[in-house]
Amino acid sequence: MTTITLRPDEPLDLNRTLGCGQAFRWEAADGWWQGVVGDHAIRIRQDGDLLTFYGADAPFVRDYFRLDQNLPEVLASIDRDPVIHDAIRCCYGLRLVRQQPWECLISYICATNTNIPAVKRRVSSMAERYGEAIESPFGTAYTFPRPAVLAGVCHADLWDCKLGYRTDYVCDAAAFAVEHSGWAERLASLPFEEARYELMRLRGVGPKAADCVLLFAFGFFEAFPVDVWIRRIMAEAYMPELTGKNCTPAEYDRIRRFAREYFGEYAGYAQEYLYCVREG
DNA sequence: CCCCAGGTGAATA
DNA sequence: TATTCACATGGG
């Protein structure tokens with residue numbers, strides 16, 4: 001058991017952070033959050049300014065939750081109007097966790113035209129079947145399967161993980177990651193727009209999935225993923241000229257560029273706060 | 001039976 | 001370039 005006492009200037013709302021849908025491998029169970037990060041099976045809870053956890057050391061947890069990122073400063077920089085102000089007040093302490101690029105990429109390929117519970121089922125199904133077992137005092141957990149392992153799984157077996165028509169895309173991505181083993185490092189070294197363009201060359205990765213991966217795994221905080229919810233919120237609060245309900249590529253670009261300009265270099269945080277506050 | 005969900009690719013005009 | 005459609009799956 002390890003603890004971290006949060007300083008007043010490093011706020012964290014663990015429940016919002018793990019429950020908002022940014023990462024798909026956390027489950028709430030009897031007062032604790034259980035999840036897998038890399039090869040760590042972690043059990044964690046928050047009581048006020050006290051974080052208590054098993055399965056990882058304090059530096060690992062600080063890094064995952066980006067506790068060294070100055071959240072009050074970040075939020076002050078995006079706090080431009082009453083709408084985002086209310087979201088910040090409501091979800092204060094929500095942080096963007098540092099996800100692993102490979103798992104994040106596959107997760108968001110699996111997140112198209114579906115809902116969060118279904119994505120979680122798909123990811124955990126792949127992990128249970130093809131990941132490595134982690135024995136912990138709280139049971140057996142499974143790592144997310146490495147690219148080489150997933151690349152070796154036949155189409156029919158991946159289909160059984162309920163990926164549906166996304167199965168082809170996951171197969172392709174696995175082959176890509178095996179062939180370009182340094183893809184994540186290379187992407188991280190590129191400017192945002194170039195990294196985005198490179199990601200979108202993968203089948204099954206459009207603007208939305210690319211922006212999610214860049215925001216959640218690569219720390220490009222200017223990324224502003226536009227899903228059906230965010231489009232709705234942006235149309236209501238900021239861009240009343242938007243009509244209809246489907247988001248064309250041109251319209252997607254208009255929204256994300258407006259947000260990048262309006263909220264600044266941490267537009268991605270604004271996105272996540274607006275997304276999270278939709279359910280109160 | 002319908003519509004919707006953290007969309008995307010392919011065909012078409 | 002812009003529109004339209006199919007797509008597996010599960011829930012309401």
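Every heavy atom of this structure was used, including side-chain atoms; hydrogens, water molecules and symmetry mates were not. Sequence lines set the chain letters: A, B, ... in the order given, protein chains first and strands last, and positions in each chain run from 1. Not measured: the values here are computed from a predicted model.
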Roughly how far, to the nearest 0.5 Å, is the CG atom of A:D9 from the CZ atom of A:R7? 4.5 Å
If you measure only the distance, is there a donor-acceptor pair under 3.5 Å linking the side chains of A:D81 and A:Y262? yes
Taking CG from A:N115 and P from B:dC3, how many angstroms apart are they, rounded to a whole number? 18 Å
Counting the atoms with a prime plus P, OP1 and OP2 as sugar-phosphate, which does A:V119 contact under 4.0 Å by heavy atoms, base, sugar-phosphate, or nothing? nothing
Working to the nearest 0.5 angstrom, can you tell me the gap between A:L50 CG and A:T5 OG1? 5.0 Å
Considering only residues two or more places apart or on different chains, which pairs with a residue in residues 86-98 of chain A satisfy salt bridge (charged side-chain N to carboxylate O under 4.0 Å, His left out)? A:D63-A:R98, A:D86-A:R89
5' to 3' contact window, DNA chain C with chain A (heavy-atom distance under 4.0 Å): C:dC7 to C:dG10
Under 4.0 Å, counting only non-hydrogen atoms across every strand here, what does A:A111 touch: a base, just sugar-phosphate, or nothing? sugar-phosphate
When only distance counts, do a donor and an acceptor, one from the side chain of A:Y165 and one from the base of B:dG7, lie under 3.5 Å apart? yes
C1' atoms of C:dA8 and B:dA5, separation to the nearest Å: 13 Å
Check the distance between B:dG9's P and A:Y252's OH and give it to me in whole angstrom. 12 Å
Can you tell me how far C1' of B:dG7 sits from CH2 of A:W229, to the nearest Å? 15 Å
P gap between B:dC2 and C:dC7, integer Å: 15 Å
So A:R166, base contact, sugar-phosphate only, or nothing? Heavy-atom distance under 4.0 Å. base
Applying a 4.0 Å non-hydrogen cut-off, can you work out what A:P207 is touching in the nucleic acid: base, sugar-phosphate, or nothing? sugar-phosphate
Students often get this wrong, so: under 4.0 angstrom with heavy atoms, is A:K162 touching a base, only sugar-phosphate, or nothing? sugar-phosphate
Does A:R146 have more than 12 heavy atoms from other residues, nucleotides or ligands lying within 6.0 Å of its CZ? no
Got a sec: does the CZ of A:F138 have more than 12 other heavy atoms crowding it under 6.0 Å? yes
Of the nucleotides B:dA10, B:dG6, B:dG7, which has the atom closest to the A:D227 side chain? B:dG6
Mind checking the P distance from C:dA6 to B:dC3? Whole angstroms is fine. 13 Å
Using a cut-off of 4.0 Å on non-hydrogen atoms, how would the nucleic acid contact of A:R231 be classed: base, sugar-phosphate, or nothing? nothing
Do we see a donor-acceptor contact under 3.5 Å between the side chains of A:R43 and A:T52? no
Regarding A:Y269 and A:Q69, is there a side-chain donor-to-acceptor distance under 3.5 Å anywhere? yes
Under 4.0 Å, heavy atoms only, any strand: does A:G21 hit a base, just the sugar-phosphate, or nothing? base
Whole-Å P distance, B:dC4 and C:dC5: 15 Å
If you pin A:Y169 and A:I116 to their nearest nucleotides in DNA chain B, which one's is more 5'? A:I116
For B:dG6, is there a stacking contact with A:Y275, counting only centres under 5.5 Å and planes under 30°? yes
In whole angstroms, how far is the C1' atom of B:dG9 from the CD1 atom of A:I109? 13 Å
Between P of B:dG7 and CZ of A:R256, the distance in whole Å: 17 Å
Starting at CZ of A:R122 and ending at P of B:dG6, how long is that distance when rounded to a whole Å? 11 Å
Nucleotide B:dG7, atom C1' - distance to CD of A:E251 in whole Å: 14 Å
Select from A:Q22 and A:V205 the residue whose nearest nucleotide in DNA chain B is closer to the 5' end of that strand. A:Q22
Whole-Å gap separating C1' (B:dG7) and CD1 (A:I106): 16 Å
Just to be sure I understand the rule, does A:L215 reach a base, reach only the sugar-phosphate, or reach nothing, if contact means heavy atoms closer than 4.0 Å? nothing
What is the nucleic acid contact for A:E272, judged by heavy atoms within less than 4.0 Å: base, sugar-phosphate only, or nothing? base
According to ring pair (Phe, Tyr, Trp, His ring centres under 6.0 Å), who are the partners of A:W33, at least two apart in sequence or on a separate chain? none
